[in-house]
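Naming convention: chains lettered A, B, ... in sequence-line order (proteins, then strands); numbering from 1 in each chain.
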Amino acid sequence: MTDVRVRFAPSPTGFLHLGGLRTALYDYLFARHTGGSFILRIEDTDRSRFVPGAIENLIESLRNLGLDFDEGPSAGGACGPYVQSERLDLYHREARRLLESGHAYPCFCSSETLAKMREEQQAKGEFVKYDRRCLNLSPEEVQARLERKEPHVIRLKMPDGRKFAFTDLIRGDVEMDTAQSDDQVLLKSDGFPTYHLAAVVDDHYMRISHVIRGEEWLSSTPKHLWLYECLGWPAPLWVHLPLILNPDRSKLSKRVGDVSVESYLQKGYLKEALLNFVALLGWHGADDREIYSLEELCREFSLERVNKAGAVFDLAKLDWMNGIYMRKLPLEEIASRALPYFHAAGIPLPEQDVLLKIVAAARERCTLLPEIASYSRMFLAPRPLTPEEEELLGTPQAQSVVHWFADNLPTSEPLPKEELDALVKTGMAELGLKGKDYYTPLRLALIHEPHGPELPVIFGILGLERAHALLRDKFRR
RNA sequence: GACCCCUUCGUCUAUCGGUUAGGACACAAGAUUUUCAUUCUUGUAAGAGGGGUUCGAUUCCCCUAGGGGUCGCCA
């Protein structure tokens, strides 16, 4: 397989969403695995849905995730421009060719006319498709209306009674009858192409070898095949990916939950986890392995192992995987990525070495980045004790623990872990306490929380001076 | 409704005719841990149904059912 060229072709109608991410990721993995090229192309042919800033956003999201493309807007390349609104002349030229060869025709029907036609077809239980009334116009009338500059579109004339067969790399042989194919609009009345024309023209001129896209495109493939044929071009290889599904098994959409990649990142999911998890939604290696870095995915990925059936997006498993990466990534990395959440929560930052100790303790019990910040509160900005906790700390037993430590805890650093462990044991023996009775008062005194890390870790984070101050602060007799 | 695609534990999946149908998440129980968390062990749980083909079907074929996608001057 030589010269693999694949493209990710989002439309700038909003943020990158999970479905787009999965498609982009598979494009990227396939390109990297085969040594091919990954191209980004912006499909901004629908002016009404264009969202300002969306292109920049898409590019930034891909960059952030590490899915760098070889050609595209901002990256350049030999097949540019990579934004469809800048390629209008090309689409017009090809549309003209189609018109001249009789494979396309102008249609003057208004959207109202079309709506009415569809309604009638629907009522009669017919297959809803354009009835070709403008195809039967006399050449003179067409000419006259064109000269009058009547608004019109250009439609593709689908052949009658023809079967289109093609091989999808994932689904195998697929066959469809043209009776189901509408005379698709190629050029809209505003002069912009529709997806069908633009994608085929661009895929050809950008020398795309494999069209990797969502399964929702499967049923329009015959139109594209016919377009390639009319234009006299060889068709690319087809790869229709299974859909990502909502828990109710419908196509993942904005209606159910949040699907923008940006928002997952913002919630504190790690890109490594997101990428790893999304890769597994429709692909699986030959063994039981589930944790893969992007590099490892590039090495292992193959289209042959992509599934046919749609996959439900299971948030619980993403959470689990995120926890794995929270513990797996370098400590400094996790700490620095958690920083924004400290700022957002207004938690004061300690010295770097102390921060690292805190994060090391926190990452063991957190699944999302912001939890690191909230877990750190007990050290950096502890909450006030509740009346119940105050009461507990005031008991003679608890006070004996607090005083014993105030009396016996050394005041000068460093305090090696072994020494501290010994000290804790001695305290236990001298006070005749163990378990909860012994540890809860200490935790409450030092971090104002009944639960937290092991004692040596707590002392290590607080430092002996601060620990002493906190203990003294809890003297109640 | 028409056309197309799909169908293994609740979820993600392994299996490329012969397996006690494996793994992971979730769930449950237990162990470790001073607590919480981590970790570990164990358990519950699946081939949609019906026909074929075959010595033998989860695996190949057909039918049915169910789910999904598409049917726009949106992509």
Please give the nucleotide sitting opposite B/A28 as a Watson-Crick or G-U wobble pair, both distances under 3.5 Å, or none. B/U42
Pair A/Trp238 + A/His210: ring centers closer than 6.0 Å: no
Which base sits across from B/U70 as a Watson-Crick or G-U pair, both distances under 3.5 Å? B/A2
Using atom CZ of A/Arg249 as one end and atom P of B/C6 as the other, report the distance to the nearest whole Å. 14 Å
B/U13 phosphate, OP1 or OP2, under 4.0 Å from A/Lys308 side-chain N/O: no
Under 4.0 Å between any heavy atoms, over every strand shown, what does A/Pro151 touch: base, sugar-phosphate, or nothing? Just pick one. nothing
Polar pair under 3.5 Å, donor/acceptor by atom type, side chain A/Arg443, base B/U34: yes
P atoms of B/A29 and B/G22, separation to the nearest Å: 24 Å
Walking RNA chain B from its 5' end, the first of A/Glu290 and A/Val312 to be reached, judged by nearest nucleotide, is A/Val312
What's A/Cys366 touching, base or sugar-phosphate or nothing? Going by heavy atoms closer than 4.0 Å. nothing
Could you state the CZ-C1' distance from A/Phe277 to B/A26, rounded to the nearest angstrom? 12 Å
Looking at every strand, decide which applies to A/Arg213 at a 4.0 Å heavy-atom threshold: base, sugar-phosphate, or nothing. nothing
Just to be sure I understand the rule, does A/Ser189 reach a base, reach only the sugar-phosphate, or reach nothing, if contact means heavy atoms closer than 4.0 Å? base
Distance between C1' atoms of B/U8 and B/U13 (Å, rounded): 9 Å
What is the distance, to the nearest angstrom, from the CG atom on A/Leu243 to the C1' atom on B/G68? 8 Å
Please check if the distance between the ring centroids of A/Tyr26 and A/Trp283 is under 6.0 Å. no
Starting at atom CG of A/Leu280, determine the distance to atom P of B/U11, rounded to an integer number of angstrom. 17 Å
Do the charged groups of A/Asp183 and A/Lys157 touch, with an N to O distance under 4.0 Å? no
B/C12 to B/G68 separation - P atoms, rounded to the nearest Å: 14 Å
Closest to the A/Ala311 side chain: B/C74, B/G69, B/U13? B/U13
Span that lies between the P atom of B/C61 and that of B/C6, in whole angstrom: 11 Å
Without decimals, in angstroms, what is the distance between A/Tyr195 OH and B/U70 P? 13 Å
Ignoring backbone atoms, establish whether A/Thr45 has a side-chain N or O less than 4.0 Å from OP1 or OP2 of B/A75. yes
Distance test, side-chain N/O of A/Arg41 to OP1/OP2 of B/A75, below 4.0 Å: no
Per A/Leu218 side chain, nearest of listed nucleotides B/C5, B/U13, B/C73: B/C5
For A/Phe313 together with A/Phe277, are the ring centres under 6.0 Å from each other? yes
Can you check the A/Trp238 CH2 to B/C5 C1' distance for me, whole Å? 16 Å
Do any side-chain nitrogens or oxygens of A/Asn307 fall under 4.0 Å of OP1 or OP2 in B/U7? no
A/Asp288 vs A/Glu454, nearer the 5' end of RNA chain B by closest nucleotide: A/Asp288
Could you work out the separation of B/A14 and B/G72 based on their C1' atoms and round it to a whole Å? 41 Å
Contact under 4.0 Å: A/Lys251 side-chain N or O vs B/G67 OP1/OP2: no
I want to verify a distance call: between B/C25, B/U35, B/A14, whose nearest atom is closest to the A/Lys317 side chain? B/C25
A/Met326 versus A/Leu270: any side-chain heavy-atom pair under 4.5 Å? yes
Rounded off to whole Å, could you give me the OH-to-C1' distance for the A/Tyr325 and B/A24 pair? 14 Å
With a non-hydrogen cut-off below 4.0 angstrom, is A/Val424 in contact with a base, only sugar-phosphate, or nothing? nothing
In terms of side-chain geometry, is the basic nitrogen of A/Arg49 or A/Glu43 positioned less than 4.0 Å from the acidic oxygen of its partner? no
Please give the distance between the C1' atoms of B/C3 and B/A45 as a whole number of Å. 37 Å
Donor-acceptor pair present, A/Ser219 side chain and B/C71 base, under 3.5 Å: no
Check A/Lys308 with A/Glu215, please: is the shortest side-chain N to carboxylate O separation under 4.0 Å? no
Checking contacts here: which listed nucleotide (B/U13, B/U7, B/A75) is nearest the side-chain heavy atoms of A/Ala309? B/U7
With sugar-phosphate meaning primed atoms plus P, OP1 and OP2, does A/Arg118 contact a base, only sugar-phosphate, or nothing at under 4.0 Å between heavy atoms? sugar-phosphate
Using atom P in both nucleotides, what's the gap between B/G51 and B/U58 to the nearest angstrom? 13 Å
Could A/Glu296 and A/Arg299 be called an ion pair, given the rule that one side-chain N must be under 4.0 Å from one carboxylate O? no
SB check A/Lys317 A/Glu290 (cutoff 4.0 Å): yes
Inter-nucleotide C1' distance (B/U64, B/A26), Å rounded: 33 Å
Compare the minimum distances between each of B/A14, B/A24, B/C73 and the side chain of A/Val153, then state the nucleotide with the smallest one. B/C73
A/Pro193 near the nucleic acid: base, sugar-phosphate alone, or nothing, with a heavy-atom cut-off under 4.0 Å? sugar-phosphate
Answer with yes or no whether A/Arg365 presents, from its side chain, a donor or acceptor under 3.5 Å of a partner atom in the base of B/C36. yes
Starting from P on B/A2, measure out to CE on A/Met176 and report it in whole angstrom. 17 Å
Scan A/Gly323 against the nucleic acid and name what it touches under 4.0 Å (heavy atoms): base, sugar-phosphate only, or nothing. nothing
